[in-house]
Amino acid sequence: MNDGKAPALMIWALGLTQIIGYGTLYYSFGILAPDMAADLGVSKDVVFGILSGALLIGGLIAPRAGRWADRFGAGTLMVPGSIAAALALVAAALSPNIAFFTASLALMEIASSFVLYSTAFTAIVQLGGSGAQRSITHLTLIAGFASSCFWPLTSALHVHVDWRGIYYMFAFLNIAVCLPIHWWVRSLFTRHGVRRSDQDGAEKPDGAAHDPAPPNAVFLAMLAAFALEGFVIAAVLVHMVPLLGAVGAGGAALFVSTLFGPSQVASRLLNMVFGGRLSQTMLAVISAGLLSAGAAALLVSGNLLPGLGAFAIIFGLGSGLASIVGGTLPLELFGRRGYGARLGWVSAARQFSSALAPFLFALMMERWSASGAVSAAAVIAAASLVCFGAIAAWRTRSRRLPRKQLVST
């Protein structure tokens with residue numbers, strides 16, 4: 001199974017479900033939110049506040065979803081996840097009032113925990129054996145086109161169809177495309193007798209079988225690093241165009257922001273081609289360093305277009321790597337056993353910080369100015385760099401210790 005064609009086909013198929021999943025459940029929301037607010041009789045801020053609350057609920061369910069993926073198999077969970085995503089989109093489209101809409105958005109974020117990256121990564125680890133890290137990189141490369149596909153698609157549809165009609169169409173996509181693919185992935189688990197990750201041995205990938213088991217402090221440092229990184233990425237992404245306008249980019253703000261998406265995809269492509277020589281721990285350090293450098297570039301560039309372009313490119317490269325190491329670093333440090341549960345905690349940490357980031361960053365921009373908010377983002381990104389650096393230092397020391405012990409004996 002690990003060396004055949006099925007895993008490659010599975011990655012392409014899951015990549016399509018990730019594009020549809022992120023596009024319909026996440027990226028389309030920002031475009032449709034003004035129409036939603038007007039239709040439901042509330043302000044746009046209220047609609048985004050509801051989204052933040054729904055993200056927090058999704059973060060609460062993520063660790064449990066990860067444990068279920070370990071126990072029952074990730075492929076098994078993705079089938080009901082597809083159905084739940086479609087039902088949530090239909091429920092949102094049918095919403096007669098803001099309370100019903102709030103409940104449907106909460107269901108949408110819960111469904112996301114069963115069909116998006118964390119569960120897809122777990123399925124790859126459970127099916128992919130020793131090649132799982134590279135397969136995760138391939139999946140993120142494919143899924144990186146979600147925003148490029150669904151931002152223009154949603155905008156084009158919205159010219160002719162209201163947000164309710166678009167959500168009906170998106171529900172159909174989840175049922176007609178994602179559900180059959182997830183059903184097929186589930187059949188691979190049954191057909192090949194794949195062991196679930198709570199039944200696998202505690203062996204580590206890539207020859208790390210004899211590394212000492214990481215202490216709890218390493219796991220907590222990893223969660224803190226991903227939470228801090230998630231805060232910075234979410235804050236800057238949500239406010240990118242107004243932030244660039246506030247620092248004096250003027251009419252170039254929209255152009256500069258378009259450099260971010262291709263940079264994300266480029267970082268994943270570069271990692272796929274050249275990243276095999278680096279550990280995932282080192283890639284995590286590089287990712288956090290790029291986010292810090294990107295924020296610093298925005299601070300020192302003023303309104304100069306080359307500096308603003310450098311910010312978007314560097315920040316996009318860091319964000320692209322962050323998506324990869326979110327799935328591969330827990331695997332490298334802790335191995336396959338309990339991988340789904342650990343990834344669930346990583347998703348929870350990121351979702352909690354991402355839910356709070358837009359509001360807190362907007363508050364910082366209002367109280368401290370755009371430069372002050374960017375300075376805070378740079379400090380937070382640097383804090384994530386410190387956390388990842390501490391993990392890298394522990395890993396280096398722990399790998400040297402067994403060698404010294406062997407020499408002494």
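Throughout, residue positions are numbered sequentially from 1 according to the sequence presented. These numbers were taken from a predicted model, which means no experiment stands behind them.
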Here the gap from L139 atom CG to L14 atom CG, rounded to the nearest 0.5 Å, amounts to 6.0 Å
Side chain to side chain donor-acceptor pair (under 3.5 Å) pairs touching residues 82-109, sequence neighbours excluded, are S82-H182
Separation between CZ (R71) and OG1 (T76), nearest 0.5 Å, reads 12.5 Å
**Prompt:** Could you walk me through whether F29 and M36 pass the side-chain contact (heavy atoms from CB on, under 4.5 Å) check?
**Reply:** CA-CA 9 Å; F29 189 88; M36 293 172 175; 3.8 Å; yes
Would you list the atom pairs, donor with acceptor, under 3.5 Å between side chains in residues 362-378 and any protein atom, with sequence neighbours excluded?
| unit_1 | atom_1 | unit_2 | atom_2 | d |
| --- | --- | --- | --- | --- |
| S369 | OG | G372 | N | 3.4 |
| S375 | OG | S371 | O | 2.8 |

Q) If only atom types and distance count, is the side chain of S353 paired as donor or acceptor with the main-chain N or O of R350 below 3.5 Å? A) yes
> Can R164 and D39 be counted as an ion pair, charged N to O under 4.0 angstrom?
Replying inline: yes
Q18 side chain vs V115 backbone, donor-acceptor pair below 3.5 Å:
yes
Side chains of F361 and L243, heavy atoms from C-beta outward: is any pair under 4.5 Å?
yes
Looking only at the side chains, is there a donor atom on one of R268 and S323 sitting less than 3.5 Å from an acceptor on the other? yes
CD1 (I286) and CG (L291) are apart, to the nearest 0.5 Å, by 12.0 Å
Just wondering, are more than 12 heavy atoms of other shown residues or ligands nearer than 6.0 Å to OH in Y168?
yes
Rounded to the nearest 0.5 Å, the CD1 atom of I166 sits from the CG atom of D35 at a distance of 8.0 Å
So the side chain to side chain donor-acceptor pair (under 3.5 Å) pairs with at least one residue in residues 222-232 (sequence neighbours excluded) are E229-S287
Residues 43-58, side-chain donor-acceptor partners within the protein, below 3.5 Å, at least two apart:
| unit_1 | atom_1 | unit_2 | atom_2 | d |
| --- | --- | --- | --- | --- |
| S43 | OG | V46 | N | 3.3 |
| S52 | OG | F48 | O | 3.3 |
| S52 | OG | A355 | O | 3.2 |

Here the gap from M108 atom CE to T24 atom OG1, rounded to the nearest 0.5 Å, amounts to 8.0 Å
So side chain to side chain donor-acceptor pair (under 3.5 Å) across residues 217-226, not counting sequence neighbours, yields none
Test item: I181 and V177 side chains (from C-beta on) under 4.5 Å apart, heavy atoms:
yes
**Asked** Ignoring hydrogens and geometry, is there a side-chain-to-backbone donor-acceptor pair from R336 to V125 under 3.5 Å?
**Response** yes
* Are any side-chain N or O atoms of N174 and backbone N or O atoms of A85, one a donor and one an acceptor, separated by less than 3.5 Å? -> no
Sorted by chain and number, sequence neighbours left out, side chain to side chain donor-acceptor pair (under 3.5 Å) with S301 holds for none
| task | Using a 4.5 Å cut-off on heavy atoms from C-beta on, say whether the side chain of L141 contacts that of N271. | result | no
Report task. Can you establish whether the number of heavy atoms outside Y26 located under 6.0 Å from its atom OH is more than 12? Result -> no
Backbone N or O of S113 within a donor-acceptor pair of the S347 side chain at under 3.5 Å?
no
For Y27 and A146 the tightest heavy-atom approach is CE1-CB, 3.8 Å
Shortest non-hydrogen pair, S267 vs G316, comes out as OG-O, 4.2 Å
What one should report as the nearest heavy-atom pair of G30 and P34 is O-CD, 3.7 Å
What one should report as the nearest heavy-atom pair of I314 and G294 is CG2-N, 3.6 Å
Salt bridge (charged side-chain N to carboxylate O under 4.0 Å, His left out) filter on D162, not counting sequence neighbours, yields none
So the ring-ring contact (aromatic ring centres under 6.0 Å, His included) pairs with at least one residue in residues 77-102 (sequence neighbours excluded) are F101-W163
Heavy-atom closest pair (A357 atom, A235 atom, distance to 0.1 Å) is CB-N, 3.7 Å
Residues pairing under ring-ring contact (aromatic ring centres under 6.0 Å, His included) where one sits in residues 291-329, two or more places apart or in two chains, turn out to be F311-F315
Working note: F219 + L333, criterion side-chain contact (heavy atoms from CB on, under 4.5 Å); need CA distance, chi angles, decisive distance, verdict.
CA-CA 9 Å; F219 182 65; L333 293 176; over 6 Å; no
Applying side chain to side chain donor-acceptor pair (under 3.5 Å) to S112 and not counting sequence neighbours gives none
Closest heavy-atom pair, G326 versus V346, reported as atoms and distance to 0.1 Å, is O-CG1, 4.1 Å
Applying side chain to side chain donor-acceptor pair (under 3.5 Å) to R186 and not counting sequence neighbours gives none
Value for CG (L116) from OH (Y22), rounded to nearest 0.5 Å, stands at 4.5 Å
ask   = So, does S155 use its side chain to make a donor-acceptor pair with the main chain of P152 at under 3.5 Å?
value = no
*Does the gap between the ring centers of F334 and Y339 come in under 6.0 Å?*
no
Side chain to side chain donor-acceptor pair (under 3.5 Å) filter on T328, not counting sequence neighbours, yields Q280
Please verify the inter-ring angle class for F388 with F226; under 30° counts as parallel, over 60° as perpendicular, anything in between as tilted. perpendicular
